[in-house]
**Q** 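Okay, handing you the structure first.
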There are 2 protein chains.
Amino acid sequence: MAVKRNTWQREAVREALDSRDGFVSAQGLHQGLRDAGSHIGLATVYRALADLANVGEADSLQSPDGESLYRACASTGHHHHLICRNCGLTVEIAATEVEQWARQTASDHGFTDARHIVDIFGLCAACTAAAAH
Amino acid sequence: MAVKRNTWQREAVREALDSRDGFVSAQGLHQGLRDAGSHIGLATVYRALADLANVGEADSLQSPDGESLYRACASTGHHHHLICRNCGLTVEIAATEVEQWARQTASDHGFTDARHIVDIFGLCAACTAAAAH
DNA sequence: ATCGCATTTGATAACCGTTATCATTACGCG
DNA sequence: CGCGTAATGATAACGGTTATCAAATGCGAT
């Protein structure tokens with residue numbers, strides 16, 4: 001484990017992730033890769049995603065029903081998401097103020113190594129209209 | 001299913017939830033009830049918690065490792081939590097500013113019916129000290 | 001108070017996503 | 001080219017949640 005090797009599988013996962021706009025589940029990504037003809041294994045997808053998340057190249061969050069969702073992450077900066085609970089549309093939101101608030105609040109209470117979960121679930125304009133009829 | 005019946009089990013779950021300060025996992029709550037001498041079943045705890053969450057008497061969130069956590073929801077006001085990822089210590093934090101920010105951000109993007117998840121996970125002072133030696 | 005019946009309960013099995021296992025493959029360096 | 005070792009992948013194990021279904025129980029009607 002001393003050195004990370006460059007395998008085509010890892011690249012495939014990275015690319016597949018980049019090519020998607022919203023969040024994808026590990027299984028979804030795996031399915032997509034298989035459909036595209038790749039013989040990549042499920043376990044490998046999980047490992048690759050976990051690695052990407054560790055290095056900071058991907059963001060992960062838990063969907064309301066317990067799945068882990070991943071998303072290619074603009075390398076710099078940490079941002080949050082506004083997610084349509086109906087169609088899955090995802091909007092990135094910069095939240096500098098919230099960042100600061102979170103850090104501040106955590107240290108006010110003596111907490112260290114603070115990570116925060118800040119995500120907003122709602123109905124996007126389109127789905128709101130569709131639901132209103 | 002037309003009418004909800006009042007069973008002692010449902011009450012037991014509600015009270016057990018009220019008596020706890022932070023978030024509890026369904027299994028944790030079940031364990032606690034069993035320890036307290038109750039013969040309540042695991043499935044029932046899950047059902048009761050889901051019901052409470054539906055009615056709005058409880059809030060639920062997903063822990064980073066995929067468990068569903070529940071907490072009694074103070075009827076008035078909505079607040080967030082600072083949770084020690086090691087010992088589970090939970091501190092309630094008022095977040096008026098964040099509330100407002102979330103609502104604003106959502107509507108800025110045309111989203112409606114916005115709920116937000118805002119929680120901070122970290123290491124509390126005690127656990128930080130313990131981990132540092 | 002009692003009856004009747006539909007809802008709820010509870011032990012367990014099924015489910016689903018994730019992680020571990022371990023023999024096999026193949027990257028990377030000399 | 002060849003070796004050592006990390007990565008892969010099929011599958012089993014795992015843990016939390018949900019479904020199943022017979023038995024128990026609340027609740028309105030009597």
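No hydrogens, no waters, no symmetry mates; every other heavy atom, side chains included, goes into these values. Just so it is clear, the structure is predicted and the values come from calculations on it, not from any experiment.
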**Q** If I compare all heavy atoms of B/E67 with all of B/S25, which pair ends up nearest, and what's the gap?
**A**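 Result for this residue pair: OE2-CB, 3.6 Å.
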**Q** Any side-chain N or O of A/R10 under 4.0 Å from OP1/OP2 of D/dT8?
**A**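 Answer yes for this pair, as a side-chain N or O of A/R10 is under 4.0 Å from OP1 or OP2.
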**Q** Given D/dG16, D/dA10, D/dA7, identify the nucleotide with an atom nearest to the side chain of A/A43.
**A**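 Looking only at side-chain atoms, A/A43 lies closest to D/dA10.
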**Q** Over all strands shown, is B/S25 touching base, sugar-phosphate only, or nothing at heavy-atom distances under 4.0 angstrom?
**A**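 No contact.
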**Q** Quick one: on DNA chain D, does A/H39 or B/Y46 contact a more 5' nucleotide (nearest heavy atom)?
**A**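 Nearest-nucleotide comparison on DNA chain D picks A/H39.
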**Q** Send over the distance from B/D51 CG to C/dT7 P, rounded to a whole Å.
**A**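 Value for this atom pair: 14 Å.
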**Q** Measure from CD1 on A/I40 to P on D/dA7 and round the result to the nearest Å.
**A**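 To the nearest whole Å, that distance equals 14 Å.
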**Q** Can you say whether a donor on the side chain of A/R5 sits under 3.5 Å from an acceptor on the base of D/dA7, or the other way round?
**A**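 Check fails, no donor-acceptor contact within cut-off.
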**Q** Rounded to whole Å, please give me the gap between NE2 in A/H30 and C1' in C/dT19.
**A**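 The answer, rounded to whole Å, is 15 Å.
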**Q** Report the residue (B/G41 or A/A26) whose heavy-atom-nearest nucleotide on DNA chain C is the more 5′ of the two.
**A**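 Checking each residue's closest nucleotide, the 5'-ward one belongs to B/G41.
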**Q** Mind calculating the distance between CD (B/E67) and P (D/dC14) to the nearest angstrom?
**A**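 Taking atom P of D/dC14 as the reference, CD of B/E67 is at 18 Å.
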**Q** Ignoring backbone atoms, establish whether A/T7 has a side-chain N or O less than 4.0 Å from OP1 or OP2 of C/dA26.
**A**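 Looking at the OP1 and OP2 atoms of C/dA26, neither is under 4.0 Å from any side-chain N or O of A/T7.
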**Q** Using every non-hydrogen atom in the two residues, find where B/I40 and B/V13 come nearest and quote the distance to one decimal.
**A**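 The pair with the smallest heavy-atom distance is CD1-CG2, 3.8 Å.
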**Q** With a 4.5 Å cut-off on side-chain heavy atoms, are B/L49 and B/L17 touching?
**A**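 They are in side-chain contact.
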**Q** As a test of reading the structure: which of C/dG17, D/dG26, D/dG16 is closest to the side chain of A/Q27, going by heavy atoms?
**A**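 The nucleotide sitting nearest to the side chain is C/dG17.
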**Q** Return whichever of B/N6 or B/A50 has its heavy-atom-nearest nucleotide of DNA chain D closer to the 5' end.
**A**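 Closest to the 5' end, via its nearest nucleotide, is B/A50.
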**Q** Write down the atom of B/A16, the atom of B/R20, and the distance for their closest heavy-atom approach.
**A**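 Minimum heavy-atom contact is O-CG, 3.1 Å.
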**Q** Given C/dT18, D/dT17, C/dG10, identify the nucleotide with an atom nearest to the side chain of B/T44.
**A**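 Looking only at heavy atoms from C-beta outward on B/T44, the closest nucleotide is C/dG10.
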**Q** For the pair made of CG in B/L49 and P in C/dT9, what is the distance, rounded to whole Å?
**A**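 In whole Å, C/dT9 P lies 12 Å from B/L49 CG.
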**Q** Assign A/R47 to base, sugar-phosphate, or nothing according to its heavy-atom contacts below 4.0 angstrom with the strands shown.
**A**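 Result for A/R47 = base.
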**Q** Would you indicate which nucleotide in C/dT18, D/dT17, C/dC27 comes nearest to any side-chain atom of A/L42?
**A**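 Of C/dT18, D/dT17, C/dC27, C/dT18 is nearest to the side chain of A/L42.
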**Q** Choosing from C/dC27, D/dG9, C/dT9, which nucleotide comes nearest the side chain of A/Q9?
**A**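 Nearest listed nucleotide: D/dG9.
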**Q** Taking only residues two or more places apart in sequence or in another chain, which ones pass salt bridge (Lys or Arg N to Asp or Glu O under 4.0 Å) with B/R10?
**A**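 For B/R10 the salt bridge (Lys or Arg N to Asp or Glu O under 4.0 Å) partners, ignoring immediate neighbours, are B/D51.
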**Q** Measure from CD on B/E11 to C1' on C/dT8 and round the result to the nearest Å.
**A**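 It is 15 Å, rounded to the nearest whole Å.
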